Number of protein chains: 2
Amino acid sequence: MFSKTTEYSIRAIIYLALNNNSKLIGVSEMASELRFPEAFLGKVLQLLVKKQLVGSIKGPGGGFYLIDSTLNLTILNIVDSLEGLEFLDKCGLGLHSCNKNNPCPIHDEYKNVSINVKKALSAKSINEIKNEIENGKRPQSFHF
Amino acid sequence: MFSKTTEYSIRAIIYLALNNNSKLIGVSEMASELRFPEAFLGKVLQLLVKKQLVGSIKGPGGGFYLIDSTLNLTILNIVDSLEGLEFLDKCGLGLHSCNKNNPCPIHDEYKNVSINVKKALSAKSINEIKNEIENGKRPQSFHF
DNA sequence: ATATTACCGGACATTAGTGTCTTTTATTTA
DNA sequence: TAAATAAAAGACACTAATGTCCGGTAATAT
């Protein structure tokens with residue numbers, strides 16, 4: 001459903017949310033905890049910094065941390081920020097002229113899918129996810 | 001949502017369903033009607049023949065036709081046949097160990113998405129879609 | 001039979017996504 | 001100030017998807 005970049009991003013953001021106790025996390029620590037290829041995670045984090053979802057500090061003791069406002073975002077917000085929601089908004093069959101008045105064969109069904117996906121992926125904020133995990137409602141170690 | 005190959009396939013199959021009056025359709029006709037790149041459509045049709053969703057006849061007057069049983073398939077069946085449904089069945093965050101007893105942060109929501117997509121894409125068979133179009137419930141010319 | 005037609009098969013080109021490696025830059029610590 | 005650390009930046013490699021091109025093969029028609 002999502003690209004690797006988006007998958008890694010979501011999991012990295014949740015990881016940072018869970019470890020946001022005023023200490024910074026390095027790429028190598030995250031990569032080994034999350035079982036991601038380290039160099040690629042580095043690139044992904046670079047992107048997240050550019051998108052202002054994550055902050056970073058260079059040098060010894062440096063690393064990454066979660067920008068506060070990112071806690072209020074939903075998974076849908078993150079997906080939107082990274083790869084856009086065109087795949088949900090465009091016609092399921094790729095027809096440019098498809099709309100309510102000129103519906104493709106699966107227009108209504110796909111519209112319903114789109115609404116449902118958006119609802120599902122915006123049901124919880126990162127902060128709510130963080131709380132669920134910290135309250136034991138979900139497993140802490142979500143790597144493989 | 002779907003790959004170009006899958007998009008083209010679905011639209012080509014519907015096109016063939018609407019023009020199944022015992023006459024064969026050539027690649028060039030389909031490509032110009034559906035506004036597809038001709039050479040690539042050729043490859044896609046080759047694939048559909050191999051998957052036995054479509055039949056073909058060589059030589060002058062030759063072309064493609066829809067295999068009868070394909071009329072009973074749903075869009076979901078076609079997607080499954082072409083790219084599989086792994087993108088719906090696997091964890092939304094790509095976690096191998098994610099399941100009901102060890103749910104990832106968006107397990108329940110994604111499960112719901114998966115069910116909803118499957119339901120939506122299997123609501124109608126190709127034959128039902130064909131009838132909807134022929135009865136004027138949907139536009140005939142679905143290209144761009 | 002032979003030329004024509006149209007799909008088949010394989011090779012190749014292009015692009016985007018994924019992933020690696022090396023150098024540079026910013027920061028801290030000694 | 002110099003050395004060490006860690007992210008940033010850029011170049012590069014690999015893979016899959018998309019797309020093109022061409023010679024081969026099967027069928028038709030003259």
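These figures come from a predicted structure and were not determined experimentally. So that the names make sense, note that chain A is the first sequence line, chain B the second, and so on, each numbered from 1.
- In this structure, B/Thr5 reaches the D/dT18 phosphate: one of its side-chain N or O atoms is under 4.0 Å from OP1 or OP2.
- Residue A/Leu47 contributes atom CG, which lies 14 Å from atom P of C/dG19 at whole-angstrom precision.
- Of the candidates C/dT25, D/dA26, C/dT20, C/dT25 carries the atom nearest the A/Lys58 side chain, counting heavy atoms from C-beta on.
- Here B/Tyr8 does not reach the OP1 or OP2 of D/dT18: none of its side-chain N or O atoms lies under 4.0 Å away.
- If you take CG on B/Leu66 and OG1 on B/Thr70, they are separated by 4.5 Å, rounding to the nearest 0.5 Å.
- Nearest heavy-atom pair, B/Cys104 versus B/Leu95, reported as atom, atom and distance to 0.1 Å: CB-CD1, 3.4 Å.
- Atom CG of B/Leu45 is separated from atom P of C/dG9 by 13 Å (rounded to the nearest Å).
- Going from atom CG of A/Leu24 over to atom C1' of C/dA26 covers 14 Å, rounded to whole Å.
- In this structure, the CD1 atom of A/Ile25 is 14 Å from the C1' atom of D/dA6, given to the nearest Å.
- In this structure, A/Gln46 does not reach the D/dA7 phosphate: none of its side-chain N or O atoms is under 4.0 Å from OP1 or OP2.
- The separation between A/Phe40 atom CZ and D/dC14 atom P is 17 Å, rounded to whole Å.
- Checked by distance alone, B/Lys43 brings a side-chain donor or acceptor within 3.5 Å of a matching partner on the base of C/dG9.
- Minimum heavy-atom separation, B/Tyr65 to B/Leu24: CD2-CD2, 3.5 Å.
- Taking atom CE of residue A/Met30 and atom P of nucleotide D/dA7, one finds them 10 Å apart after rounding to whole Å.
- Of the candidates D/dG19, C/dT27, C/dA11, C/dT27 carries the atom nearest the A/Pro60 side chain, counting heavy atoms from C-beta on.
- At a non-hydrogen distance threshold of 4.0 Å, A/Val49, A/Ser56, A/Ile57 from residues 48-57 of chain A come into contact with DNA chain D.
- Applying the side-chain hydrogen bond (donor to acceptor under 3.5 Å, both in side chains) rule to B/Asn20 yields no partners; only residues at least two apart in sequence or on another chain are considered.
- With the nearest nucleotide of DNA chain C identified for both A/Thr6 and B/Gly42, B/Gly42 has the one nearer the 5' end.
- Distance check: B/Ile129 CD1 to B/Ile75 CD1 gives 4.0 Å after rounding to the nearest 0.5 Å.
- The backbone N or O of A/Phe2 sits nowhere less than 3.5 Å from a side-chain atom of A/Thr6 that would complete a donor-acceptor pair.
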Residues B/Met1, B/Glu7; criterion side-chain contact (heavy atoms from CB on, under 4.5 Å); working and verdict: CA-CA 9 Å; B/Met1 183 80 141; B/Glu7 264 183 33; over 6 Å; no
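- Nearest nucleotide to the B/Phe64 side chain, out of C/dG19, C/dT20, C/dC8: C/dC8.
- The nearest whole Å value for the distance from the CD atom in A/Glu29 to the C1' atom in D/dT5 is 15 Å.
- To the nearest angstrom, P of D/dA7 lies 9 Å from CD of A/Glu38.
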